[in-house]
2 protein chains.
Amino acid sequence: MSKKQATIQDIARELKITASTVSRALNDHPKISKKTKDKVWKTAHELNYQPNTVASNLRKGKGNTVGMIVPRINRHFFSNVITGVESVLNPAGYNLIICQSEEKYQKEVENVETLISNRVSGILISLSIETLNTKHLQKIINSQIPLVMFDRTESKLNISQVVNDDEAGAYEMTCHLLEQGYRDIMWMGGPRTSSIYHNRYLGYKRALEEYKVPIEKMHCFEGPSTLVAALEYMRIFLKNNKLPDVVFATSDYMAMGTIQALQEAGLQVPKDVAVAGYSNEPFAALIDPKLTTIEQFSEEMGRATARLLLDQLLSETDEPVPRKIIIKPKLIIRETTRKRKKSNTFIKK
Amino acid sequence: MSKKQATIQDIARELKITASTVSRALNDHPKISKKTKDKVWKTAHELNYQPNTVASNLRKGKGNTVGMIVPRINRHFFSNVITGVESVLNPAGYNLIICQSEEKYQKEVENVETLISNRVSGILISLSIETLNTKHLQKIINSQIPLVMFDRTESKLNISQVVNDDEAGAYEMTCHLLEQGYRDIMWMGGPRTSSIYHNRYLGYKRALEEYKVPIEKMHCFEGPSTLVAALEYMRIFLKNNKLPDVVFATSDYMAMGTIQALQEAGLQVPKDVAVAGYSNEPFAALIDPKLTTIEQFSEEMGRATARLLLDQLLSETDEPVPRKIIIKPKLIIRETTRKRKKSNTFIKK
DNA sequence: AAAATAAATGCAAACGTTTGCATTGTTTAA
DNA sequence: TTAAACAATGCAAACGTTTGCATTTATTTT
């Protein structure tokens with residue numbers, strides 16, 4: 001139909017008024033008469049006018065888009081954080097542009113540059129597993145763009161952040177395992193260069209120390225936080241080592257891989273070896289036996305992160321004081337860590 | 001550090017040359033001498049220059065962002081499609097801005113308007129469950145923005161699209177069930193106003209007709225495609241009806257709800273009632289017994305969708321011929337539809 | 001009825017790039 | 001040596017809005 005998008009000028013020409021009046025009318029400026037507003041609205045509609053946000057943003061020197069960088073979108077945890085973020089940003093009039101770093105440092109740097117170039121109003125980021133330095137974050141700060149980190153953060157930078165209390169989560173889980181009577185507790189997780197796995201290890205360690213269980217004897221596996229990595233590692237491990245009482249996998253996917261390896265080896269969970277996970281992925285409650293794990297309240301994390309950003313966006317002070325919000329995770333005890341043997345067949349009512 | 005973002009002008013001033021030269025230098029224009037290019041690059045770096053994409057886009061009348069509207073980001077299927085889309089769009093120099101309609105028509109309309117206002121280069125969309133009319137899509141077309149629909153599409157509009165062959169998937173699944181000897185096959189799915197469930201019903205019907213099994217006697221449940229909806233429905237259903245041979249849930253979540261209801265009632269899967277799903281969600285292979293379902297090749301769908309869009313973006317013809325790509329799904333036979341009884345305990349090797 | 005006030009609109013510059021065309025300086029051909 | 005050709009850069013307008021200030025028109029006050 002329309003060859004070119006209609007502009008404010010087209011409306012002005014049509015109505016024999018000036019572009020400024022049209023602009024003000026469209027923005028419901030109080031000094032424009034009801035009559036012209038109505039006319040403007042009418043012809044805007046007739047001409048199929050769609051405001052040009054990019055022109056508007058350029059002129060105003062700001063926009064309403066915030067950028068969000070996550071390692072992967074298809075992790076339950078992150079997609080829920082995103083949902084939480086949108087639930088507070090959208091009502092506040094902001095749109096979200098989502099970028100995936102795919103756990104690559106290089107990609108993360110590129111994402112940052114794109115967002116800066118697009119002059120987003122703010123940036124939310126959870127660091128990739130590879131990210132060890134923070135030059136790119138410094139760029140954001142230099143560009144005066146409000147920044148909030150979440151989940152996988154870098155504490156050296158003095159930036160607002162919201163994190164899970166991974167130390168506490170791992171501590172609670174380990175205590176639970178110890179109370180069940182397990183002593184030989186194998187730890188498994190992603191690279192401890194990442195804050196989350198580092199802290200999940202610390203919590204584990206603290207619990208062991210409290211219970212005076214020597215940590216030196218424990219087996220640990222640090223590798224990619226995936227089902228197959230755990231599966232392959234455990235296949236070999238089970239051939240060469242004596243069985244631990246329980247495997248504490250600090251990721252549900254690794255827990256799943258562990259369970260599969262145990263099953264392949266003809267072992268029963270939790271009778272022969274117990275297993276615990278972390279994150280409460282949707283499948284955790286669906287598998288049999290049901291997986292004991294840690295709930296992270298990911299949506300709440302998203303909301304908190306977004307609120308922290310909004311604070312910075314709304315307060316006009318140049319140097320807002322950085323805040324840190326810590327979300328307490330919750331231990332969810334299900335079947336894979338039950339001390340007493342239980343039937344693995346379907347429950348009869 | 002820098003109070004304001006440096007602009008091309010700042011670089012020009014510093015070097016006592018003109019902004020146009022700087023612009024050309026930054027874009028590696030052949031007519032600019034190596035010497036000035038080097039100087040420009042150097043001071044750009046010193047001044048911490050970040051190009052202003054929004055100004056650039058405004059001037060050029062185009063950008064490198066494409067918008068994507070999905071019902072929800074935290075569905076395995078969609079997040080995988082997104083991954084597929086990015087894997088072809090990013091190398092081509094495009095960024096993705098993702099919007100969620102949350103299955104609401106109103107939200108979808110707003111998303112469309114935002115994307116048009118932001119003058120995205122193209123739009124990819126999968127319709128919300130509520131979406132029954134396509135005025136908003138017409139707006140996109142009127143705005144001359146290339147559009148590709150995927151998965152949940154509207155065939156009346158003459159637009160490029162890539163869909164799963166849901167009819168074939170449901171047909172194959174139903175045939176599989178019939179071959180296993182099941183005759184009383186209950187169908188379950190989301191609202192059939194949505195193309196996908198409509199087609200999944202059609203395939204089911206065709207298979208029954210071919211096998212001369214009267215469809216009139218079958219029970220059907222059409223409701224929200226969620227675990228709880230299926231669970232609640234089945235709880236009541238099981239109290240008042242004779243058991244079907246198998247429940248064909250055209251969504252894995254509904255299959256899961258069905259299984260839980262059956263288990264609550266003390267029934268065994270697949271011994272007492274078999275169950276089939278659709279989508280091959282990650283948990284399908286993880287639950288016990290493992291769920292028979294349909295693989296949809298979601299990432300491939302994303303790649304195909306993105307390629308269709310790229311075609312339109314690159315070809316300068318105003319009216320590209322709309323293309324339709326149909327992706328064949330694959331039947332994945334696992335345990336929940338095994339005719340012979342099998343132990344539900346862990347497999348001993 | 002003139003002056004003062006208020007209400008509505010117009011003018012023009014600006015946001016940071018890009019780009020066709022003009023200009024300058026430099027080299028080559030005749 | 002001069003004209004022609006080329007290489008490198010400058011000039012200025014444009015993209016579609018927004019906005020401070022000036023101007024016009026309508027309304028009220030004296």
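Every value quoted in this text rests on a predicted model; they were computed, and no experiment measured them. Within every chain, numbering begins at 1; the chains are lettered A, B, ... in the order of the sequence lines, protein sequences first and strands thereafter.
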Would you name the heavy atoms of A:Thr153 and A:Ser195 that are closest together and state the gap between them? N-OG, 3.3 Å
Nearest heavy-atom neighbours spanning A:Arg72 and A:Phe78: O-CB, 3.3 Å
List, with names and distances, any nitrogen or oxygen atoms from the protein found under 3.5 Å away from nitrogen or oxygen atoms belonging to nucleotides 13-16 of chain C.
unit_1 : atom_1 : unit_2  : atom_2 : d
C:dA14 : N3     : A:Arg59 : NH1    : 3.2
C:dC15 : O2     : A:Arg59 : N      : 3.2
C:dG16 : N2     : B:Ala55 : O      : 3.4

Nearest whole angstrom, please: distance from the P of D:dG10 to the CZ of B:Arg13. 14 Å
In this structure, how many angstroms lie between the P atom of D:dA8 and the CG atom of B:Asp28, rounded? 13 Å
Greater than 12 external heavy atoms within 6.0 Å of A:Lys104's NZ: no
Rounded distance [0.5 Å steps], CD in B:Gln161 versus CG in B:Leu308: 9.5 Å
Please tabulate, one pair per line, each protein N/O and nucleotide N/O from nucleotides 20-23 of chain D that are separated by under 3.5 Å, including the distance.
unit_1 : atom_1 : unit_2  : atom_2 : d
D:dG20 : O6     : A:Arg24 : NH1    : 3.4
D:dG20 : O6     : A:Arg24 : NH2    : 3.0

Is a side-chain N or O of A:Glu154 found less than 3.5 angstrom from the main chain of A:Lys156, in a donor-acceptor match? yes
What side-chain donor-acceptor pairs closer than 3.5 Å can you find for residues 16-31 of chain B, not counting sequence neighbours?
unit_1  : atom_1 : unit_2  : atom_2 : d
B:Asn27 : ND2    : B:Ser23 : O      : 3.0
B:Asp28 : OD1    : B:Lys37 : NZ     : 3.0
B:His29 : ND1    : B:Lys31 : N      : 3.0

When you measure from the side chain of A:Thr7 to the backbone N and O of A:Gln9, does any donor-acceptor pair fall under 3.5 Å? yes
Hey, does A:Thr36 reach any base, or is it just sugar-phosphate, or nothing, if we go heavy atoms under 4.0 Å? sugar-phosphate
How far apart are the C-alpha atoms of A:Phe297 and A:Asn80, what are their side-chain angles, what is the distance that settles it, and do they pass the side-chain contact (heavy atoms from CB on, under 4.5 Å) test? CA-CA 9 Å; A:Phe297 305 105; A:Asn80 271 44; over 6 Å; no
Provide, to the nearest angstrom, the distance between the CD1 atom belonging to B:Ile17 and the C1' atom belonging to C:dT23. 17 Å
Value in whole Å for how far the P atom of D:dT17 lies from NE2 of A:His29: 17 Å
A:Lys16 has an atom NZ; how far is it from atom P of C:dT9, in whole Å? 16 Å
Round to the nearest Å and state the distance from B:Ile32 atom CD1 to D:dC6 atom P. 18 Å
Nucleotide C:dG10, atom C1' - distance to CG of A:Leu15 in whole Å: 15 Å
Does C:dT17 have its OP1 or OP2 closer than 4.0 Å to a side-chain nitrogen or oxygen of B:Ser23? no
Can you list everything that forms a salt bridge (Lys or Arg N to Asp or Glu O under 4.0 Å) with A:Glu14? Sequence neighbours excluded, please. none
Which part of the nucleic acid does B:Asn27 contact within heavy-atom distance under 4.0 Å: base, sugar-phosphate only, or nothing? sugar-phosphate
Does the side chain of A:Glu86 come under 3.5 Å of the side chain of B:Gln100 through a donor N or O and an acceptor N or O? yes
Counting only side-chain N and O atoms of A:Ser33, is one of them less than 4.0 Å from OP1 or OP2 of C:dA8? no
In degrees, rounded to 10°, what is the bend between the two ends of the helix from C:dA1-D:dT30 to C:dA30-D:dT1, using five pairs at each? 50°
Those residues that, when tested against B:Asp10, pass side chain to side chain donor-acceptor pair (under 3.5 Å) (two or more places apart): B:Arg13
Checking side-chain contact (heavy atoms from CB on, under 4.5 Å) for the pair A:Glu108/A:Ile125: CA distance, chi angles, key distance, verdict? CA-CA 9 Å; A:Glu108 187 172 294; A:Ile125 190 171; 4.0 Å; yes
Can you check the A:Lys35 NZ to C:dA8 P distance for me, whole Å? 10 Å
